[in-house]
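Have a look at the structure below before the remarks.
Sequence lines set the chain letters: A, B, ... in the order given, protein chains first and strands last, and positions in each chain run from 1.
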2 protein chains.
Amino acid sequence: MKRSLAHIDYKEDTEALAKFAKASGHSTRIAILKHLENQSCCFTGDLVDILPISQSTVSQHLKELKNAGLIQGELKPQKIKYCINQENWKIAKLLFQQFFD
Amino acid sequence: MKRSLAHIDYKEDTEALAKFAKASGHSTRIAILKHLENQSCCFTGDLVDILPISQSTVSQHLKELKNAGLIQGELKPQKIKYCINQENWKIAKLLFQQFFD
DNA sequence: ATTTTTTATCGCAAATGTACGATAGATATT
DNA sequence: AATATCTATCGTACATTTGCGATAAAAAAT
């Protein structure tokens with residue numbers, strides 16, 4: 001049986017969409033997501049170099065994107081790289097596409 | 001020549017997306033947008049009946065959606081109906097679709 | 001082993017967001 | 001004209017968000 005998003009009921013759907021949208025609702029975070037889309041993965045420091053805000057603030061934004069499930073900190077042997085969380089990204093994509101039919 | 005969103009430069013694009021996402025970043029507001037998508041237009045009171053929050057709070061949420069340009073208060077002779085702002089909705093749609101390619 | 005680099009977290013301040021009841025203003029009904 | 005209905009706004013309280021510098025903790029380089 002094929003798994004689809006149709007199983008998510010209206011309310012969960014609404015909340016999931018709101019959560020993703022909220023996490024995307026800051027231009028710094030959109031910029032981060034766009035960068036990760038292009039560059040696959042990168043370190044916090046790479047983003048700090050690009051963005052006009054402090055390291056601690058970048059770190060906070062990353063945390064929020066991570067909490068929303070849109071990105072993930074991939075734990076390589078000794079390093080942490082941030083990547084798009086492909087699974088949730090797919091869900092967000094579907095929710096938005098479906099929402100904006 | 002076909003007009004496309006490619007003309008919007010990166011920065012505007014990012015900010016527009018963030019603005020739409022932020023406005024959509026609350027489950028009450030997603031619920032309102034969904035309802036307007038289904039019902040075309042409706043009055044504030046109709047939404048107050050559906051939603052589990054006070055009239056003044058609904059009104060505030062409508063104001064935010066209006067400020068973001070996602071809906072518009074259509075001024076019929078004596079009444080105000082809220083509708084999707086089709087023009088901006090189309091833009092938001094395109095931005096999101098393009099973002100989540 | 002020490003130092004440097006990298007990243008997360010703490011503590012704080014300021015700004016913004018959420019929600020409510022009360023009230024005002026405007027439209028519709030009687 | 002008076003009353004009822006509908007909607008926006010005000011004032012308030014509380015919570016969350018944003019941003020920073022400082023610091024801590026962990027990893028990498030020397």
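- What separates CG of B:Leu62 from P of D:dC6 is a distance of 16 Å, to the nearest Å.
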Between the protein and nucleotides 19-22 of chain C, which nitrogen or oxygen pairs are less than 3.5 angstrom apart?
| from | atom 1 | to | atom 2 | distance (Å) |
| --- | --- | --- | --- | --- |
| C:dA19 | OP2 | B:His26 | NE2 | 3.4 |
| C:dA19 | OP2 | B:His61 | NE2 | 2.8 |
| C:dA19 | N7 | B:Gln60 | OE1 | 3.4 |
| C:dA19 | N7 | B:Gln60 | NE2 | 3.4 |
| C:dC20 | OP2 | B:Ser54 | N | 2.9 |
| C:dC20 | OP2 | B:Ser54 | OG | 3.2 |
| C:dC20 | OP2 | B:Thr57 | OG1 | 3.0 |
| C:dC20 | N4 | B:Gln60 | OE1 | 3.2 |
| C:dG21 | N7 | B:Ser56 | OG | 3.4 |
| C:dG21 | O6 | B:Ser56 | OG | 3.4 |

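- Between B:Glu64 atom CD and C:dT18 atom C1' there is a gap of 9 Å when expressed in whole angstrom units.
- In this structure, A:Ser24 and A:Leu33 have side chains that are in contact, with non-hydrogen atoms separated by less than 4.5 Å.
- Applying the side-chain hydrogen bond (donor to acceptor under 3.5 Å, both in side chains) rule to B:Gln60 yields no partners; only residues at least two apart in sequence or on another chain are considered.
- Distances were taken from every side-chain heavy atom of A:Phe43 (C-beta onward) to each of D:dT7, C:dT7, D:dT18; the shortest belongs to C:dT7.
- Looking only at distances, a side-chain donor or acceptor of B:Arg29 sits under 3.5 Å from a matching main-chain atom of B:Ala23.
- A:Ser54 meets the side chain to side chain contact (heavy atoms under 4.5 Å, CB included) test with A:Ser56, A:Thr57; sequence neighbours excluded.
- Regarding contacts with the backbone of C:dG17, every side-chain N or O of A:Lys22 stays at 4.0 angstrom or more from both OP1 and OP2.
- For B:Arg29 and C:dT16, the CZ to P distance is 15 Å, given to the nearest whole Å.
- Scored by the side chain to side chain contact (heavy atoms under 4.5 Å, CB included) test, B:Val58 finds B:Thr44, B:Leu47, B:Val48, B:Leu51, B:Ile53, B:Leu62 as partners (sequence neighbours excluded).
- To the nearest angstrom, C1' of C:dA8 lies 13 Å from CD1 of A:Ile71.
- Between the C1' atom of C:dA8 and the CG atom of A:Leu65 lies a distance of 15 Å, rounded to the nearest Å.
- With sequence neighbours excluded, the residues that form a side chain to side chain contact (heavy atoms under 4.5 Å, CB included) with B:Asp46 are B:Cys42, B:Phe43.
- Proximity note for B:Ser59 (side chain, C-beta onward) versus C:dT7, D:dT9, C:dT18: the nearest is D:dT9.
- The interatomic distance linking B:Gln72 (CD) with D:dT7 (C1') rounds to 18 Å, in whole Å.
- When rounded to the nearest whole Å, the span between NZ of B:Lys19 and P of C:dT16 equals 16 Å.
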